[in-house]
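For reference, the structure discussed in these notes is given below.
Every chain is numbered from 1, with letters handed out A, B, ... down the list of sequences. The analysis underlying the following values was restricted to heavy atoms, covering all of them including side chains, and did not include hydrogens, waters or symmetry mates.
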Amino acid sequence: MNIKNKINNIIINSFEKAISEGKLPVAEYPVIKIEYPRESKFGDYSTPIALESARIIKRSPMEIGEILKNYICKNNDLIGEVYLAKPGFINIFISLNYLKENMLDVIKQRESYGRQIKDNPLRYNIEFVSANPTGPMNVVSARAAALGDTIANLIETNGDLVDREFYVNDFGNQVNLLGISVLARIKELNNEPFHFPEDGYHGEYIKDIARWIIDNYSSEFNGFKDDESKAVFAANKAIEFNTSSQKKDLADFNVNFKTWFRESSLHAKGEVTKAMKRLEQYDHIYVEDGKKIFRSTVFGDDKDRVVIRDDGRPTYLMADIAYHNDKLERGYDRLIDIWGPDHHGYIARLSGAVQALCGRNDMFRVLISQQVNLIMEGETVKMSKRLGNFSTMRELIDEVGVDVSRFFFIMRSMDSHLDFDLALAKKNSSENPVFYLQYAHARICSIFKEAERRNISLNPEKADLETLSNNEAVVILKLIAKFPEEISDAAETYEPHKISTFLMRLAQSYHRFYAEHRVLSEDDIKTQTNLALCDAVRITIKNGLHILGVSAPESM
RNA sequence: GCGCCCGUAGCUCAGUGGAUAGAGCGUCGGACUUCGAAUCCGUGCGUCGUAGGUUCGACUCCUACCGGGCGCGCCA
């Protein structure tokens with residue numbers, strides 16, 4: 001249990017005691033909130049519960065606070081001091097001894113510090129990136145990859161189970177168009193007359209695929225007599241080519257999917273019909289002009305949506321419903337999708353369908369990853385897939401590196417549009433927050449190397465309170481102790497940027513400590529205490545970076 | 001026209017209905033014979049887009065408007 005939860009329990013117990021002993025009246029009290037005061041002088045934790053109760057039980061906030069305060073500070077090793085502040089805030093300070101014990105605990109737990117263990121973990125399925133298999137991935141996919149993988153890491157660290165999944169849209173018009181585009185390029189390379197479709201895929205990579213097919217599959221390809229069969233063959237090969245290159249790019253980005261789910265498999269296995277029957281069974285479908293229509297307005301959509309056309313072909317939505325029905329049948333407790341900003345209007349209809357299928361509204365959650373503006377030399381690079389002049393995820397990995405790009409993508413809240421200054425990220429590494437963090441880690445490793453050279457080995461049991469009683473050390477101890485609740489918070493709200501913000505604060509507090517205090521000295525107790533503190537910082541930073549998929553180098 | 005995201009320091013952005021709104025970068029000035037100066041310290045006069053509302057209290061919630069971005073197919 002993290003500190004915030006412990007304090008919450010202490011306050012609940014204090015309330016119950018105060019009421020049972022007749023100091024406070026029985027009433028409908030508001031929900032207890034635990035806050036982090038903006039200023040450290042107001043405590044490590046604070047609750048406005050006395051203020052909020054005042055109106056309900058018609059007593060002054062200060063009076064209520066005074067009563068609660070006396071119960072809160074009794075008999076526990078967690079809380080050092082409790083103060084009542086002017087309007088009626090109850091401000092709580094954690095005891096230094098507790099912080100020291102926590103530091104020793106960090107060193108014992110090492111890699112598992114911050115990790116929660118749940119008796120009944122939930123099974124999550126998180127689907128993200130799901131880029132079309134019609135070409136290389138762009139930077140929006142890269143952001144989704146970093147976000148999705150980090151959220152999955154957070155959920156795992158928070159004690160639940162996650163499967164990462166990629167949906168391959170290998171069905172429908174765009175696939176035909178891809179085949180025709182590749183076929184045209186093959187003809188071009190063979191010096192045959194060709195017609196390139198206007199709305200086809202113009203990117204250079206289409207030529208690469210054409211050449212790859214000529215080099216490896218020409219006899220098979222030439223076996224087809226008509227253009228239609230050739231285009232189908234080309235399309236299948238192109239999807240194979242693109243999917244495997246996407247897989248490689250993602251693996252190089254430290255993102256590995258458990259499942260690559262092909263849309264075509266839904267149609268092949270009759271999943272679409274199955275999902276359709278399920279919707280019809282509960283009267284979510286009506287027929288109009290020969291089309292089957294889903295009553296999505298029941299679930300808050302603007303209008304009902306066609307799912308089966310009058311010629312009997314399912315729409316994309318229907319396939320997507322079948323896909324999510326399949327996920328439900330696989331027994332997950334929670335489904336999370338990460339989509340690009342251009343699909344926002346699609347949430348209502350699909351989440352409506354999931355509700356229709358499982359009868360619950362907390363089963364499915366869509367997170368929207370906002371757009372990425374690539375900035376080059378102060379100018380926004382406009383991306384257009386069809387014109388082919390987009391910046392790829394591969395270029396990003398090659399030019400900026402995995403650590404920097406992953407960190408940049410998650411360091412802002414998902415809701416904000418991200419300006420990614422490519423030139424800056426490359427130009428000068430010292431301007432990067434990533435390096436600031438990694439430097440703190442490397443610096444500590446360097447101290448341990450020096451200690452080893454001097455034949456000093458860490459013995460945390462020697463750590464003493466007096467050496468830790470300075471502002472710089474206390475700030476660090478408090479941040480380290482907060483790490484588990486930062487993880488829970490970030491995991492439960494699906495907000496990975498909270499971890500990067502936290503790590504920046506920790507690194508900053510460490511660099512300050514370093515500037516003020518010499519770790520290795522003649523004094524054995526001080527040396528051991530400071531080394532223990534350093535080790536706890538190193539472990540916390542490393543574990544935090546691990547969640548972000550960023551490396552923690554021992555030297556730079 | 002409708003829907004969603006954004007609007008906070010020169011720039012990029014944090015900020016759960018709470019106390020005097022903060023970080024990084026940039027600017028300018030300091031700090032290494034000693035564990036890594038990729039660091040630290042100092043330096044900020046901001047109509048929190050505007051106007052109302054809700055309440056003990058609003059950057060945060062509600063309404064309207066302004067500005068930027070993205071959607072609004074029986075495409076996928």
Under 4.0 Å, heavy atom to any atom of RNA chain B: which of residues 39-50 of chain A qualify?
A/E39, A/K41, A/F42, A/S46, A/P48
Among B/C75, B/G36, B/G18, the one nearest A/R313 by side-chain distance
B/C75
Would you check if A/F89 stacks with the base of B/A19, given a 5.5 Å centroid limit and a 30° plane limit, both strict?
yes
The side chain of A/R518 is closest to which nucleotide in this list: B/A38, B/U34, B/A19?
B/U34
Between A/H344 and A/I34, who's closer to the 5' end of RNA chain B by nearest nucleotide?
A/H344
Euclidean distance, atom CE of residue A/M504 to atom P of B/A38 [Å, nearest integer]
16 Å
Between B/G22 and B/A64 - C1' atom distance, rounded Å
30 Å
Kindly point out which of B/U16, B/C75, B/C56 is positioned nearest to the side chain of A/R55?
B/C56
Reading 5' to 3' and counting Watson-Crick or G-U wobble pairs with both distances under 3.5 Å, write the dot-bracket notation for RNA chain B, | for bases paired outside the strand.
(((((((..((((....[...))))..((((.......))))......(((((..]....))))))))))))....
Can you check the distance between B/C48 and B/C6, where both ends of the measurement are the C1' atom (answer in whole Å)?
14 Å
Just to be sure I understand the rule, does A/A54 reach a base, reach only the sugar-phosphate, or reach nothing, if contact means heavy atoms closer than 4.0 Å?
nothing
Counting the atoms with a prime plus P, OP1 and OP2 as sugar-phosphate, which does A/F448 contact under 4.0 Å by heavy atoms, base, sugar-phosphate, or nothing?
nothing
Heavy atoms only, 4.0 Å cut-off, all strands: where does A/H441 land among base, sugar-phosphate and nothing?
nothing
A/Q508 side chain N/O closer than 4.0 Å to the phosphate oxygens (OP1, OP2) of B/G24?
yes
A/R443 vs B/A37: side-chain N/O to OP1/OP2 distance below 4.0 Å:
yes
With a cut-off of less than 4.0 Å, is there a side-chain N or O of A/Y436 near OP1 or OP2 of B/A37?
no
Could A/R313 and A/D311 be called an ion pair, given the rule that one side-chain N must be under 4.0 Å from one carboxylate O?
yes
Heavy atoms only, 4.0 Å cut-off, all strands: where does A/S521 land among base, sugar-phosphate and nothing?
nothing
If you count the non-hydrogen atoms of other residues, nucleotides and ligands that lie under 6.0 Å from CD in A/E52, is the total more than 12?
yes
Rounded distance in Å between the C1' positions of B/A19 and B/A58
14 Å
For A/A85, report the nucleic acid contact type (base, sugar-phosphate, nothing); a contact means any heavy atom under 4.0 Å.
base
Using a heavy-atom cut-off of under 4.0 Å over every strand shown, decide if A/I368 touches base, sugar-phosphate, or nothing.
nothing
Is the phosphate of B/A37, meaning OP1 or OP2, less than 4.0 Å from a side-chain N or O of A/Y514?
yes
Output yes when a side-chain donor or acceptor of A/S130 lies under 3.5 Å from a complementary backbone atom of A/Y167, and no otherwise.
yes
Of all the nucleotides listed (B/C4, B/U16, B/G71), which has the minimum atom distance to the side chain of A/D342?
B/G71
Between the main-chain N or O of A/S264 and the side-chain N or O of A/D170, is there a donor-acceptor pair closer than 3.5 Å?
yes
Can you figure out which of B/A76, B/C59, B/C70 approaches the side chain of A/R38 most closely?
B/C59
So, A/N132 versus A/Q174: side-chain donor-acceptor pair below 3.5 Å or not?
yes
For a quick check of understanding: with a heavy-atom distance under 4.0 Å over all strands, which category does A/E263 fall into, base, sugar-phosphate or nothing?
sugar-phosphate
Closest of B/A76, B/C35, B/C6 to the A/D415 side chain is B/C6
Given the P atoms of B/C70 and B/G57, what is the spacing between them in whole Å?
41 Å
B/U39 versus B/C59 - spacing of their C1' atoms, nearest Å:
33 Å
Between B/C40, B/C70, B/A76, spot the one nearest the side chain of A/N132, thanks.
B/A76
A/I347 and A/I368, any side-chain heavy atoms less than 4.5 Å apart:
yes
Return the value, rounded to whole Å, for the distance between atom OH of A/Y201 and atom P of B/A76.
11 Å
Could you check whether any side-chain heavy atom of A/P314 comes within less than 4.5 Å of a side-chain heavy atom of A/H267, counting everything from C-beta outward?
yes
Would you mind telling me which of B/C40, B/C35, B/G18 lies closest to the side-chain atoms of A/L520?
B/C35
Measure the CG-OH distance between A/D304 and A/Y286 for me, rounded to the nearest 0.5 Å.
3.5 Å
Under-3.5 Å N/O pairs linking protein and nucleotides 10-14 of chain B:
from	atom 1	to	atom 2	distance (Å)
B/U12	O2'	A/R412	NH2	3.0
B/C13	OP1	A/H417	O	2.9
B/C13	OP1	A/D419	N	3.3
B/C13	O2'	A/R412	NH1	2.9
B/A14	OP1	A/S413	N	2.8
B/A14	OP1	A/S413	OG	3.2
B/A14	OP1	A/S416	OG	3.2

Applying ring pair (Phe, Tyr, Trp, His ring centres under 6.0 Å) to A/H517 and not counting sequence neighbours gives A/F513
Would you indicate what A/Q370 reaches in the nucleic acid, counting non-hydrogen atoms under 4.0 angstrom: base, sugar-phosphate, or nothing?
sugar-phosphate
With P as the reference atom in both, quote the distance from B/C4 to B/C61 in angstrom, rounded to an integer.
14 Å
Residue pair A/D337, A/H324: steps toward the side chain to side chain contact (heavy atoms under 4.5 Å, CB included) verdict
CA-CA 10 Å; A/D337 284 13; A/H324 285 78; 2.7 Å; yes
Within the structure provided, determine whether A/E127 and A/K327 are in side-chain contact (heavy-atom separation under 4.5 Å).
yes
Could you measure between the two C1' atoms, the one in B/U55 and the one in B/G18, and give it in whole Å?
12 Å
Provide, to the nearest angstrom, the distance between the CD atom belonging to A/Q371 and the C1' atom belonging to B/C70.
7 Å
I'd like to check the ring pair (Phe, Tyr, Trp, His ring centres under 6.0 Å) partners of A/H343; sequence neighbours left out, ordered by chain and number.
none
Measure from CZ on A/R349 to C1' on B/G71 and round the result to the nearest Å.
10 Å
Could you work out, with ring pair (Phe, Tyr, Trp, His ring centres under 6.0 Å) as the rule, every residue matching A/Y316, not counting sequence neighbours?
none
Please report, rounded to the nearest Å, how far the P atom of B/U16 is from the CD atom of A/E486.
11 Å
Tell me whether A/E452 is salt-bridged to A/K449, with the criterion being a basic N under 4.0 Å from an acidic carboxylate O.
no
Do the rings of A/F294 and A/F299 sit parallel, tilted or perpendicular, given the 30° and 60° boundaries?
parallel
Using the P atoms only, state how far B/C41 lies from B/C5, rounded to an integer number of Å.
38 Å
Just to be sure I understand the rule, does A/I293 reach a base, reach only the sugar-phosphate, or reach nothing, if contact means heavy atoms closer than 4.0 Å?
nothing
Donor-acceptor pair under 3.5 Å: do we get one between A/N91's side chain and the base of B/A19?
yes
Syn or anti for B/C41, given that syn means the glycosidic angle lies within 90° of 0?
anti
Could you tell me whether A/F261 and A/F166 have their ring centroids closer than 6.0 angstrom?
no
